[in-house]
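Note that the structure is predicted; figures quoted are calculated from it, not measured. Chain letters run A, B, ... following the sequence lines, proteins first and then strands; every chain starts at 1.
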Amino acid sequence: MAENYSSATRPVRVRFAPSPTGPLHIGGVRTALYNYLFARRHNGTFILRIEDTDRNRFVPGAEQYIVESLKWLGIHFDEGVVNGGPHAPYRQSERKPMYRQYAEELIKRGNAYYAFDTTEELEAMRKRLEAAKVAAPQYNYITRSSMKNSLTLSEDETKKRLDSGEPYVIRIKIPRNEEVRFHDIIRGWVVVHTQSLDDKVLFKSDGMPTYHLANVVDDYLMQITHVIRGEEWLPSAPLHVLLYRFMGWQDMMPQFAHLSLLLRPDGNGKLSKRDGDRLGFPVFPLDWKDPVTGEKSSGYREQGYFPEAVVNLLAFLGWNPGTTQELFTMEELVETFTLDRVSKHGAKFDPEKARWYNRQYLIRKPNEELADIFLQVVKAKGVPENLVNRDYTAKVCGLIKEKAYFTSDFWDIGGFFYIPPAAYDNSVIQKKWNDHLHSFFAKLKHELDNPSCNFTAQSIEAVIKSLAAESGISPGSVMQPFRVIVTGMAAGPALFETMELLGRDEVVKRIDAGLIRIEASSTT
RNA sequence: GGCCCGUUCGUCUAGGGGUUAGGACAUCAGGUUUUCAUCCUGGAAACAGGGGUUCGAUUCCCCUACGGGCUACCA
C-alpha cells in the first residue's frame, strides 16, 4: 500500500521525546521502537529529545536510564542528547531561552494572553463552576472574561503588573466556535470542537514553556515530519494543531500518529509501574531504583530477557505484518513495519507470550553465546576450576536450553553438571526404589566402569538396556531413579547425553554416592 | 460528569458485504520420547447488544453498553 505520509517532499524526521521523571515505561519503549522503525524504513532521522520542562518532576538518573535502555534494545538515535546534532541542544531545559519569543509572538497576533490569576483564584473559579453544575469547569472563552488577564485588564494595568515582576503565565486564546480537524495516520480524521478546549497555559510563571508550546516549537525547529506518540496526547492534539496554525507553520505541521496504550494483563486500566512486580513480569526495560524512595522495579534485562525478544514482542503489541511470521529481527521489522498496520485499540500485555518469545530466541542462540552468559553464573557458584570451561559449558547449554525460558533458569536446570546433587528428589526414590534396584545399580556401575564401554550416549543406553533385560527389570523403571542419582532431579535433559557429558568417572562416583545415600536413608 | 478514542476466540491479532471467520500464545486430547520439556496431530474457543442500509451484514451508518484516555502553571 502506498504511504503518502512518506512523501518525498521532506526527508522523514521523527523524535522520541520522553520526560525524565522516572524509569522508561515499556509502553514508552514501544513508542520509541515504532518511531525508530518508521525512521529507518524511510531512511529518515531519529531524534532523542528530553522534555524536562517540569523541574518539579525531574528525577536524577532518569535520562541516563532512558538512554541506556534504548541502547540495550538496539534502538539507536541519529541526533539527540547523546549524539548532538544540528539542532542542539536537545534538552528542553537547555533550550529555555528560545521559547518566550514564540509565546510573545502569539500574544502579538492575538492568539494568546497574559494571565495573573493565582492558584487560589483558579481553584475558586473551578469551585464556583462546579457549584453551578457547569459540565466542564475550565479556563475558556467564557470564564476568561471574569479572570485577571490581559484581556480583562487595561493595557496600562497589564503593563504595570508585568513591570512590577508579578508572576504571570501565558495562555492560548482558543477561538470560540470552530471545528479543529486533523488527519491521524492511525485513526483517520479526528474532529474536535473548540468549545471543549480550554485556554491551556503555554508559558509558565517559572519562565518555562509547558509541554504544549515546547513540543510544537521544537518539532517545528527540528523539522519533525511525523509525530508518533501515545494516545494520551490525542485530546491535546487539536491544541497543537491550533498552535501550528497561529504561528503560521501549518505547512510545516507534522503528521500525527497516536498509538493505543498498553493495558494491564488482568482487569482494566493501562499498564502501570505497580503491575509488573505485582503480576510477576517487568514493566521496565532495566532494573531501577528510585533515588528518593528507594523503591525498586525490575527490568527485562535483569530478568534474563534478550533484547531481541523484547523488541520482537513489543513490536507485536499493536502491530502485525499481516503474515503468519511471528519472529522478526530488528532488520526484518525495519523492512516490514508500516504505520497503517498499527492497530487502533489498546493491547493487554501478555506475560506468557513474552516468555514464549524469549524462549524462541533462547533456543536459537548458538551454544557458545549462551555459554558466555552462563559461565558468569557458573563462576559465581564457585565450581571446580576445570569445569569453568567454555567448551564444556557450551555443551551443557546445548542440552539444557530446551528446558529453559531464560538463561537465568540454567543453573536450576543444569547446576548438577558442575556440582553433584546435594539432595535427591525423594518422591521418586520413595515411589520407585526397591532392593532389586540396589543390586542392579551395583552391577550397572561395574559395567559402566569397564573400558569395553566407551561411554558414549549410545553405549550407555545399550548397557542399561541389556542389563535391565538380563535382570528382568523394565528399562523404564530404572531410568527415573538413575536420573535422580545422577542429577538429583526427577526431570531434566536427555539422560544418556547428560551422562556422556558428565563423563565416566563422575557418573560412577555419583552411583556410588547414591547407593550409599539411599541405603542410609532407608535404614533410618 | 464533559470531551475524545476504541470493541473479532481467555490474550495478541488476520480478515472484510456472500469465508468452514485464519494464525500465534495459553488450554485440552492423542502420538513421539527413559523423565520433564520440545516436537507432531487433532479439539474446544470470537465478530458486545439493538436498530437501520442491502438480495445479503461480522464487515457500512446510527444508538446503547462496555473498555480506555484526557479533563494541572505534569508530561
Undergrad: Heavy-atom distance under 4.5 Å between the side chains of A:Phe16 and A:Leu24, does that happen here?
TA: yes
Undergrad: Tell me the interatomic distance from A:His240, atom NE2, to B:A75, atom C1', rounded to whole angstroms.
TA: 10 Å
Undergrad: Taking the cut-offs as 6.0 angstrom to the six-membered ring centre and 45 degrees off its axis, would you call A:Arg181 and A:Trp189 a cation-pi pair?
TA: yes
Undergrad: Kindly say if A:Thr210 contacts the phosphate of B:A75, meaning a side-chain N or O under 4.0 Å from OP1 or OP2.
TA: no
Undergrad: Quick check: A:Tyr102 with A:Phe203 (ring centres under 6.0 Å apart)?
TA: no
Undergrad: Taking the same atom, P, in B:A37 and in B:G49, what whole-Å distance lies between them?
TA: 38 Å
Undergrad: Measuring only the P atom in each nucleotide, how far is B:U7 from B:A14? A whole number of Å is fine.
TA: 10 Å
Undergrad: For B:A72, take OP1 and OP2 only and decide whether either is under 4.0 Å from a side-chain N or O of A:Lys204.
TA: no
Undergrad: If we take the C1' atom in both B:U32 and B:U38, what is their distance in whole Å?
TA: 11 Å
Undergrad: Using the C1' atom on both, measure B:A48 against B:C66 and round to a whole Å.
TA: 8 Å
Undergrad: Can you measure A:Leu24 atom CG to B:A75 atom P for me and round it to whole angstrom units?
TA: 17 Å
Undergrad: Please measure how far the P atom in B:C3 lies from the corresponding atom in B:A57, and state the result in whole Å.
TA: 32 Å
Undergrad: Quick check for you: among B:C4, B:A75, B:G68, whose closest atom lies nearest to any side-chain atom of A:Val190?
TA: B:C4
Undergrad: Between A:Ile172 (CD1) and B:C73 (P), how many Å, whole number?
TA: 14 Å
Undergrad: On the nucleotide B:G6, are OP1 or OP2 found under 4.0 Å from the side-chain N or O atoms that A:His258 carries?
TA: no
Undergrad: Would you state whether a donor and an acceptor, one from the side chain of A:Arg187 and one from the base of B:C5, lie under 3.5 Å apart?
TA: no
Undergrad: So which one's nearest nucleotide on RNA chain B is more toward 5', A:Ala17 or A:Phe316?
TA: A:Phe316
Undergrad: Can you tell me, in whole Å, how much space there is between the C1' of B:A45 and that of B:A24?
TA: 14 Å
Undergrad: Using the C1' atom on both, measure B:G50 against B:A65 and round to a whole Å.
TA: 10 Å
Undergrad: Under 4.0 Å between any heavy atoms, over every strand shown, what does A:Arg171 touch: base, sugar-phosphate, or nothing? Just pick one.
TA: sugar-phosphate
Undergrad: Side chain to side chain donor-acceptor pair (under 3.5 Å) with A:Glu335: which residues, sequence neighbours excluded?
TA: none
Undergrad: In whole angstrom, give the distance that lies between atom CG of A:Leu239 and atom P of B:C4.
TA: 16 Å
Undergrad: B:C36 and B:G43: how far apart are their C1' atoms, nearest whole angstrom?
TA: 24 Å
Undergrad: Tell me whether the guanidinium CZ or amine NZ of A:Arg49 lies under 6.0 angstrom from the six-membered ring centre of A:Tyr90 and within 45° of its axis.
TA: no
Undergrad: Taking any heavy-atom pair under 4.0 Å as a contact, classify A:Ser477: base, sugar-phosphate, or nothing.
TA: nothing
Undergrad: Determine: side-chain N/O of A:Arg229 to OP1/OP2 of B:C70, distance under 4.0 Å, yes or no.
TA: no
Undergrad: Under 4.0 Å, counting only non-hydrogen atoms across every strand here, what does A:Ser260 touch: a base, just sugar-phosphate, or nothing?
TA: nothing
Undergrad: If you count every heavy atom of other residues, nucleotides or ligands that lies below 6.0 Å from A:Lys96 atom NZ, does the total exceed 12?
TA: yes
Undergrad: Counting only Watson-Crick or G-U wobble pairs whose two distances fall under 3.5 Å, which nucleotide matches B:G30?
TA: B:C40
Undergrad: Classify every nucleotide of nucleotides 23-44 of chain B by which part a protein heavy atom approaches to under 4.0 Å, writing B for the base, S for the sugar-phosphate alone and - for neither, in 5'-to-3' order.
TA: SBS--------BBBBS------
Undergrad: Does any N or O in the side chain of A:Ser205 come within less than 3.5 Å of the main-chain N or O of A:Val169, such that one atom is a donor and the other an acceptor?
TA: no
Undergrad: From B:G2, B:G68, B:A75, pick the nucleotide closest to the side chain of A:Leu263?
TA: B:G68
Undergrad: For B:U35, what is the paired nucleotide under Watson-Crick or G-U wobble rules, both distances under 3.5 Å?
TA: none
Undergrad: From CD of A:Glu231 over to P of B:C3, roughly how many Å is that when rounded to an integer?
TA: 17 Å
Undergrad: Mark yes when over 12 heavy atoms from residues, nucleotides or ligands other than A:Gln458 sit less than 6.0 Å from its CD; otherwise mark no.
TA: no
Undergrad: What nucleic acid atoms does A:Arg341 come within less than 4.0 Å of, heavy atoms only: base, sugar-phosphate, or nothing?
TA: sugar-phosphate
Undergrad: Tell me which nucleotide, if any, is Watson-Crick or G-U wobble paired with B:A65 when both distances must be under 3.5 Å.
TA: B:U7
Undergrad: Is any side-chain heavy atom of A:Pro209 closer than 4.5 Å to a side-chain heavy atom of A:Arg95?
TA: no
Undergrad: What is the distance from CG of A:Asn149 to P of B:C73, rounded to the nearest Å?
TA: 14 Å
Undergrad: At 4.0 Å (heavy atoms only), tell me whether A:Val201 reaches a base, stays on the sugar-phosphate, or touches nothing.
TA: sugar-phosphate
Undergrad: Would A:Arg171 count as a cation-pi partner of A:Tyr139, with NZ or CZ less than 6.0 Å from the six-membered ring centre and within 45° of the ring normal?
TA: yes
Undergrad: For A:Tyr211, report the nucleic acid contact type (base, sugar-phosphate, nothing); a contact means any heavy atom under 4.0 Å.
TA: base
Undergrad: Without decimals, in angstroms, what is the distance between A:Asp199 CG and B:U71 P?
TA: 16 Å
Undergrad: What is the distance, rounded to the nearest whole Å, between atom CH2 of A:Trp189 and atom C1' of B:C5?
TA: 17 Å
Undergrad: Does A:Ser205 make a side-chain donor-acceptor contact with the base of B:C73, cut-off 3.5 Å?
TA: yes
Undergrad: Could you let me know what B:U53 is paired to, Watson-Crick or G-U wobble, both distances under 3.5 Å, or none if it's on its own?
TA: none
Undergrad: Check every strand shown and say whether A:Asp409 touches a base, only sugar-phosphate, or nothing at a heavy-atom separation below 4.0 Å.
TA: nothing
Undergrad: Give a yes or no answer on whether the side chain of A:Arg341 reaches the backbone of A:Asn320 with a donor-acceptor pair at less than 3.5 Å.
TA: yes
Undergrad: Mind checking if A:Gly318 touches a base, just sugar-phosphate, or nothing, with heavy atoms under 4.0 Å?
TA: sugar-phosphate
Undergrad: Side chain of A:Ser343 only, heavy atoms from C-beta on: which candidate in B:C73, B:U13, B:G6 is closest?
TA: B:U13
